[in-house]
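Data first, discussion second: the structure below is written as structure tokens.
Sequence lines set the chain letters: A, B, ... in the order given, protein chains first and strands last, and positions in each chain run from 1.
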There are 2 protein chains.
Amino acid sequence: MPMNLRDLRYLQALAEEQHFGRAARICNVSQPTLSVQIKKMEVDLGVELVERSGRTVILTDVGQNILALAKDALASIDHIYSTAETARDPYSGQLQLGSIPTISPYLIPQAIRQSKAMFPRLKLGFLEDITERLNEALLQGTLDVAILATEPEDPRLEVINLYREPFSVILPKEHPLNETEDLDVEDLTLNELILLPEGHCFRDQAVDLCQFAQPSALHEVNVSSMETIISLVAAGQGISLIPSMALGGRWNAGDDVCVRTLNHPNAYRQINLTFRKSTPKRQLLDSLADVILDSLPEEMCAV
Amino acid sequence: MPMNLRDLRYLQALAEEQHFGRAARICNVSQPTLSVQIKKMEVDLGVELVERSGRTVILTDVGQNILALAKDALASIDHIYSTAETARDPYSGQLQLGSIPTISPYLIPQAIRQSKAMFPRLKLGFLEDITERLNEALLQGTLDVAILATEPEDPRLEVINLYREPFSVILPKEHPLNETEDLDVEDLTLNELILLPEGHCFRDQAVDLCQFAQPSALHEVNVSSMETIISLVAAGQGISLIPSMALGGRWNAGDDVCVRTLNHPNAYRQINLTFRKSTPKRQLLDSLADVILDSLPEEMCAV
DNA sequence: TGAGCATGATAGATAATGCCTATGAACTTG
DNA sequence: CAAGTTCATAGGCATTATCTATCATGCTCA
């Protein structure tokens with residue numbers, strides 16, 4: 001009586017529910033069935049997987065370790081089914097797409113609309129989060145692809161380049177810098193600059209670009225969207241760097257903010273699709289890249 | 001009829017043998033059994049896994065992809081059993097140990113002898129190769145631990161520091177440099193130096209240390225062991241850098257070579273144990289590190 | 001303290017699944 | 001074209017998972 005994938009699912013459910021009856025219901029089997037199978041695993045492996053002492057069912061240390069491996073195995077199995085589905089029709093199945101907050105509002109709506117038109121059989125899921133957590137989700141398999149502005153560090157990940165997005169400086173209407181001809185990085189002073197909080201890759205890139213002596217002395221503003229920052233600038237609270245697409249159409253709008261370009265060769269970020277090298281959806285992702293590039297505004301230059 | 005771990009093993013055997021009958025024999029089942037189960041997988045997944053056309057059985061593209069995932073799943077299952085065994089007795093089971101050529105001859109024999117004494121229930125396997133392939137084997141799960149002189153790049157790997165091993169310069173008996181008081185890095189000239197070929201981390205570290213303007217102009221010698229290099233130096237063919245342990249007892253031996261220390265703060269390498277963060281054998285590895293340190297010659301300083 | 005309830009373990013019957021032997025079909029080869 | 005390989009199919013058998021019913025344990029609260 002060797003171990004079985006079903007048993008691993010039972011173990012996973014039991015760990016989540018901490019309750020034999022509920023776990024069994026989730027697995028659509030009776031409680032004795034689940035109890036017997038767990039017991040069988042314990043005999044087979046020669047270790048105790050769950051502590052039945054007291055009211056709550058808890059996994060033992062070994063149980064925890066084995067559960068982690070069980071999840072790996074089950075993830076591989078899920079990938080097998082997903083691979084098969086993708087092979088039957090590369091443009092069908094599930095695709096979980098992630099994106100960072102400084103990209104999603106300006107790119108995702110159109111991209112999703114276009115994708116639905118181009119890939120009608122595809123079930124598209126979406127998740128917004130910061131780069132670090134999106135990378136984790138990619139590696140874990142929760143996500144199939146993410147739109148990011150940084151190169152992946154993990155060797156299991158790969159990219160398709162999409163486009164370069166220039167950085168723009170935004171200033172209040174009445175700001176003295178509006179008089180200067182060419183706007184330089186040195187003109188952006190540390191105590192005027194409003195940036196997104198830690199964790200956002202755009203903040204790191206802006207700080208990198210400006211090469212502040214004491215970046216830790218930056219005025220902290222706890223905002224979570226570029227839109228809020230634009231409002232703050234419009235209200236005369238400071239100046240900011242923003243990715244060009246966050247401007248929407250406001251290139252020289254009659255708003256309360258002025259938009260200026262920055263005189264620096266590295267004042268841009270490279271946007272790309274990041275995904276697992278081992279993904280079976282490579283063909284779909286190539287097409288997705290095309291679709292995204294098609295939905296770009298004129299100002300962005302594909303690279 | 002959901003997929004089964006046994007089915008995955010059948011698929012693996014079939015891919016290896018490219019023959020239903022032989023694959024079945026390896027799996028200890030009859031040929032029809034294997035045929036039926038493969039067929040069932042194909043129906044379940046809705047894709048063709050093997051091409052039966054002609055004399056040879058070949059996996060389809062999808063089959064190849066799915067096989068790779070199947071191997072991942074099976075590896076996780078193996079790890080589950082290994083984890084259970086390790087939990088029953090941390091000092092039992094299998095341990096696959098790897099090491100690079102510039103370490104193994106001087107460390108492994110004693111280390112293995114001591115380990116066998118300290119962990120009598122442990123089945124110890126050994127593999128010598130260059131760093132790159134050992135790292136791959138670690139990630140793939142073929143290897144449990146490797147003794148390396150470089151920090152791992154992959155985030156899934158972790159280290160236990162063992163000791164610092166100084167570099168020594170070896171010179172022929174009659175070499176002019178034997179007259180100089182303090183031996184400096186600059187004294188080692190590019191056209192005299194004999195190093196191991198590309199791929200050996202010790203070569204890279206030696207080149208790094210010397211900071212040659214044109215490292216590509218190095219005189220190439222296709223030797224595969226430090227011992228050969230020592231012989232070449234003894235024969236007056238050049239000079240070399242070697243890790244101290246490669247000297248054995250020959251610190252100031254009556255050989256044909258002179259051993260000198262190098263006047264440079266970075267003239268050493270950090271030796272450590274590298275292993276998967278997720279290993280269940282952490283406790284054993286900590287003990288193994290102690291055993292290895294105990295078996296070191298006096299000159300090495302544990303760090 | 002003891003009845004009642006919740007929870008997991010056990011037992012025996014039943015259904016599903018995988019396996020084997022025997023045999024058939026297709027293709028290769030001499 | 002006949003013989004030999006090789007894989008697929010069929011039908012019976014054995015194993016295994018599952019179910020319902022029931023028991024054992026321990027907690028809760030009057």
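- With rounding to whole Å, B/Asp44 atom CG is found 16 Å from C/dA16 atom C1'.
- In this entry the distance linking CD1 of A/Ile38 with P of C/dA9 reads 9 Å, nearest Å.
- Under 4.0 angstrom from either OP1 or OP2 of C/dG8 there lies at least one side-chain N or O belonging to A/His19.
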Short N/O separations, protein against nucleotides 11-16 of chain D, under 3.5 angstrom:
none

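- Comparing the axis of the opening five pairs of the helix from C/dT1-D/dA30 to C/dG30-D/dC1 with that of the closing five pairs yields an angle of 30°, rounded to 10°.
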Only distances under 3.5 Å count here; give the side-chain donor-acceptor pairs of residues 5-15 of chain B to other protein atoms, sequence neighbours excluded, each with its distance to 0.1 Å.
from	atom 1	to	atom 2	distance (Å)
B/Asp7	OD1	B/Gln37	NE2	3.0
B/Asp7	OD2	B/Asn4	N	3.3

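- Nucleotide D/dT25 holds its C1' atom 17 Å from the CD atom of A/Glu51, rounded to whole Å.
- Between B/Thr33 and A/Val36, the residue anchored closer to the 5' end of DNA chain C is A/Val36, taking for each the nucleotide with the nearest heavy atom.
- With sequence neighbours excluded, the residues that form a salt bridge (charged side-chain N to carboxylate O under 4.0 Å, His left out) with B/Asp89 are B/Arg121.
- Taking atom CG of residue B/Leu5 and atom P of nucleotide D/dA17, one finds them 13 Å apart after rounding to whole Å.
- Atom C1' of nucleotide D/dT9 and atom NZ of B/Lys39 are separated by 11 Å, given to the nearest angstrom.
- Atom CD in B/Glu48 sits about 14 Å away from atom P in D/dC7, given to the nearest Å.
- For B/Pro101, the side chain to side chain contact (heavy atoms under 4.5 Å, CB included) partners two or more places apart in sequence, or in a different chain, are B/Glu128, B/His200.
- The CZ atom of B/Arg6 sits 13 Å away from the C1' atom of C/dA16 (whole-angstrom rounding).
- Per the geometry, OH belonging to A/Tyr10 stands 8 Å off C1' belonging to D/dT18, to the nearest Å.
- A heavy atom closer than 4.0 Å to some atom of DNA chain C occurs in B/Asn28, B/Val29, B/Ser30, these being the qualifying members of residues 21-31 of chain B.
- A close approach under 4.0 Å does occur between a side-chain nitrogen or oxygen of B/Ser35 and OP1 or OP2 of D/dA8.
- Counting only residues at least two apart or on different chains, the ring-ring contact (aromatic ring centres under 6.0 Å, His included) pairs with a member in residues 70-100 of chain B are B/Tyr91-B/Phe119.
- Here the side chain of A/Glu42 pairs a donor or acceptor atom with the backbone of A/Leu49 at under 3.5 angstrom.
- Atom-to-atom distance recorded for B/Asp61:CG and B/Glu48:CD is 11.5 Å, nearest 0.5 angstrom.
- The side chain of A/Pro32 approaches C/dA11 more closely than any other nucleotide in the set C/dA11, C/dG8, D/dA8.
- Residues passing the salt bridge (charged side-chain N to carboxylate O under 4.0 Å, His left out) test with B/Glu158 are B/Arg282, sequence neighbours excluded.
- Every pair passing salt bridge (Lys or Arg N to Asp or Glu O under 4.0 Å) that includes a residue from residues 15-39 of chain B is listed here, sequence neighbours excluded: B/Glu17-B/Arg22.
- Heavy-atom neighbours of B/Gln94 CD from other residues, nucleotides or ligands within 6.0 Å: above the threshold of 12.
- Under the salt bridge (Lys or Arg N to Asp or Glu O under 4.0 Å) criterion, no residue pair touches residues 62-82 of chain B, with sequence neighbours excluded.
- The salt bridge (charged side-chain N to carboxylate O under 4.0 Å, His left out) search around B/Glu85 returns none, not counting sequence neighbours.
- Of the listed nucleotides (D/dC7, C/dA9, D/dT9), D/dC7 has the atom at the smallest distance from the side chain of B/Arg52.
- Counting only residues at least two apart or on different chains, the salt bridge (Lys or Arg N to Asp or Glu O under 4.0 Å) pairs with a member in residues 139-155 of chain A are A/Asp144-A/Arg276, A/Asp154-A/Arg156.
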